[in-house]
Amino acid sequence: MRVWKFGDDIDTDAIIPGRFLTIYDPAELAKHAFEGTRDEFAKEVQEGDVVVAGSNFGCGSSREHAPLALLGAGVKVVVAKSFARIFYRNAVNTGLLPLVSAGAEGIRDGDTVTVDLAGGYIEANGRRLPIEPVPGFMKEIVDAGGLVAYAKGLDEVKTCNTE
Amino acid sequence: MSATIAEKIFSQRCGRPVRAGEVVMAPVDAAMIHDITGPLAVRVFREMGGERVFDPERIIMLFDHQVPADSIPAAENHVFMRQFAEEQGIHNYDLLEGVCHQVVMEKGRAAPGEIIVGTDSHTCTYGAAGAFATGIGSTDMGFVLKFGALYFRVPESILVEVEGAFGKRVGAKDLILSLAGDIGADGATYMALEFTGRAMREMNMAGRMTCANMAIEMGAKAGIVAPDAATWDYVTARRDIKPFDLAGDADARYRERRHYDVTDLAPQVAVPHNVDNVVDVTKVAGTKVDQVFIGSCTNGRYEDLFEAAEVLGNADRFADGVRVIVIPASRTEYLKALRGGLIERFVEAGALVEAPCCGPCMGGAFGLLAPGEVSLSTSNRNFRGRQGSAQASVYLSSPATAAASALYGEITDPREV
């Protein structure tokens, strides 16, 4: 799986510019992913490729079009040193797996990586880099396959004031 | 037990003491959706099996990003949302009232102690009213529309104590830009910023909204201004609610306590292409600008327009070759500026005054930049491509600096005008 390497503070305007926000179909959004900032991405990205970035990936707007554009491009995993909060939740909710790895910076563009979730590491160029476990309540959503699947089975939720 | 404001709000809403780090399914007091992120939230609500929203009276709907509709798909989104509002009995402000965060505040839909979510990252603005308000994605909002609750990790807080008094033509925007430069674009990720101190107490609600608005630019989940008499005056003028005390305890467990003094603060400018790339205006003075935008949820209020008009003074015209776009943040603010004579002054000086909306900050509707162009904007983000071409440059400043720069066609220190 090919790595598309990005730097720090990659914002959601870069992932999907504002002028495409009337689109909601992931495959259509994918045609404009990183348009203007990295035009070859949409043309060359392959199913199963992995986006790797530095710190604060997905900062900025709450637009869920950003994880959807990556999913539409066939990207199922994003590895970063750290994520912006809203993007992290949006990714988990929509089924894009955000993995935090302190070693993300050592991975280069074009590298081939494999992700071993059970083993808790990603392997790049023969090196194993540990990934942080997904926090407990987020893991339930990941395991359900996203928040829609998680919520479908529920008629009501117990809130902290009714427990 | 001593607690931060964020901990107190979650404890109060949960009916038991909760601490930073706890994950709670908390009830939501209000939920805001707009024309860009709303349609997806509605679709998700339906996919989740939603039939009736949890409480139509707690849902705030309006259109501000693409208004009046700038494309057929945008018009279709508006129709889709109108139908949903009609079907669910949700009051829809539609495209009549203005920018979402300004409208939520001025209609009294946010109050101290409330938990509010919105499908817009600048939902943190309502922290100016003492609410815990945070931006969420459309899928989380689908969940909220169905259940009226959401998982929250109660955040740790950073206490930001701001002392001193602002100098001439220096204010809230300069403070929050300098904080962004200091704390960094991810320095407050997952945390709440709690603003207190003399300079905050003396700041009007417009300035407090500017500060809370930009908490997200440091990665924060919320930015809360400790409520005081000014907060309660603002809120009680808009809704029937009895004031109560809500303050962080002196011995609360803050992640960090940061102290600032604004007395010698210079006008600040965020330079391309990151909000935390902040310098004194003197460092970039002389940079030519093609477009100046005064408006947005950050700086589109009457007070902001007044500040810009005061710098404009009796000057005849803005500089040749500069497009000046002025957009009041709401119909109410527009009327105040109109009746105060500000709109006339701006138009006389050559500005384009548009109806309340997000304008160029949205980066898709209008006011886009060509490759190589430079914009100075009073909005909140200068990301590459945010206002059009990825080869354009966006600088951020206060309304005073924006007006001074519009007068001279280059970034200008407003204290020198």
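Protein chains get the first letters and strands the later ones, always in sequence-line order, with residue 1 at the start of each. Side chains included, hydrogens not; waters and symmetry mates left out as well; all remaining heavy atoms used.
Counting heavy atoms from C-beta on, the side chains of B:Phe10 and B:Pro155 come closer than 4.5 Å. The shortest side-chain heavy-atom distance between B:Phe147 and A:Thr159 does not fall under the 4.5 Å cut-off. Counting only heavy atoms from C-beta outward, the side chains of A:Met1 and A:Lys76 never approach each other to under 4.5 Å. Under the 4.5 Å side-chain criterion, counting only non-hydrogen atoms from C-beta, A:Leu68 is in contact with B:Leu40.
The closest side-chain donor-acceptor pair between A:Asn125 and A:Asp111 falls under 3.5 angstrom. No hydrogens or angles considered: nothing links the side chains of B:Asn213 and B:His101 as a donor-acceptor pair under 3.5 Å. With hydrogens and angles left out, the side-chain atoms of B:Ser379 and B:Ser377 include a donor and acceptor closer than 3.5 Å. Side-chain contact check for A:Thr22 and B:Gln66: no donor-acceptor pair (N or O, by modelled atom type) lies under 3.5 Å.
Proximity to chain A is limited to the backbone of B:Ile136, based on heavy atoms less than 4.5 angstrom apart. Proximity to chain A (any heavy atom under 4.5 Å) is restricted, for B:Thr189, to the side chain, taken from C-beta onward. For B:Arg386, the parts sitting under 4.5 Å from any heavy atom of chain A are the backbone and the side chain alike. With a 4.5 Å cut-off on non-hydrogen atoms, A:Tyr150 touches chain B through its side chain but not through its backbone. Proximity to chain A (any heavy atom under 4.5 Å) is shown, for B:Asp140, by both the backbone and the side chain. Within the 4.5 angstrom heavy-atom criterion, atoms from both the backbone and the side chain of A:Leu154 approach chain B. Looking at B:Glu217, neither its backbone nor its side chain comes within 4.5 Å of chain A, counting heavy atoms on both sides. In this structure, no portion of B:Asp70 lies under 4.5 Å from any heavy atom of chain A. Of the atoms belonging to A:Thr12, not a single heavy atom falls under 4.5 Å from chain B. If you measure heavy-atom distances from B:Glu76 to chain A, you find no contacts under 4.5 Å at all. Residue contact with chain B, scored on non-hydrogen atoms closer than 4.5 Å, is absent for A:Asp8. Contact of A:Ile86 with chain B is made through the side chain alone, with heavy-atom distances under 4.5 Å.
Considering only residues two or more places apart in sequence or on other chains, A:Asp109 meets the salt bridge (charged side-chain N to carboxylate O under 4.0 Å, His left out) condition with A:Arg2, A:Arg38. When the side chain to side chain donor-acceptor pair (under 3.5 Å) test is applied to B:Arg19, the partners found at least two apart in sequence or on another chain are B:Glu7.
Counting heavy-atom pairs closer than 4.5 Å to chain B, the top-ranked of the candidates A:Glu64, A:Lys152, A:Arg19 is A:Glu64. The candidate with the highest count of non-hydrogen atom pairs below 4.5 Å against chain B, out of A:Asn56, A:Asp155, A:Ile23, is A:Asn56. Note on B:Thr139, B:Asn380, B:Asp186, B:Leu368: by heavy-atom pairs under 4.5 Å with chain A, the leading option is B:Thr139. Per-residue heavy-atom pair counts under 4.5 Å with chain A were compared for B:Ile36, B:Thr134, B:Thr37, and the maximum is reached by B:Ile36. Contact tally against chain A (heavy-atom pairs below 4.5 Å) for B:Gly135, B:Gly364, B:Ala365: the top residue is B:Gly135.
Note that CD1 of B:Ile327 is 9.5 Å distant from SG of B:Cys361, once rounded to the nearest 0.5 Å.
A:His65 and A:Tyr24 have their aromatic ring centers within a separation under 6.0 angstrom.
Ion pairing between A:Arg63 and A:Asp13 holds under the 4.0 Å rule for side-chain N and carboxylate O. A:Lys31 and A:Glu28 are joined by a salt bridge, as a carboxylate oxygen and a charged side-chain nitrogen come within less than 4.0 angstrom of each other.
Interface residues of residues 41-48 of chain B toward chain A, defined by a heavy-atom distance below 4.5 Å and sorted by number: B:Arg43, B:Val44, B:Glu47, B:Met48. Proximity to chain B among residues 88-107 of chain A is limited to A:Tyr88, A:Arg89, A:Asn90, A:Asn93, A:Thr94, judged by heavy-atom separations below 4.5 angstrom.
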Residue pair B:Ser121, B:Arg381: steps toward the side chain to side chain contact (heavy atoms under 4.5 Å, CB included) verdict: CA-CA 11 Å; B:Ser121 60; B:Arg381 289 196 175 127; 2.9 Å; yes

What do the steps show when you test B:Cys297 against B:Cys100 for disulfide bond (SG atoms under 2.5 Å apart), and what is the final call? CA-CA 8 Å; B:Cys297 55; B:Cys100 54; over 6 Å; no

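Taking every heavy atom of both residues into account, B:Asp29 and B:Glu114 meet most closely at OD2-CA, 3.3 Å. Here the shortest heavy-atom pairing between B:Ala392 and B:Ala370 reads CB-O, 3.6 Å.
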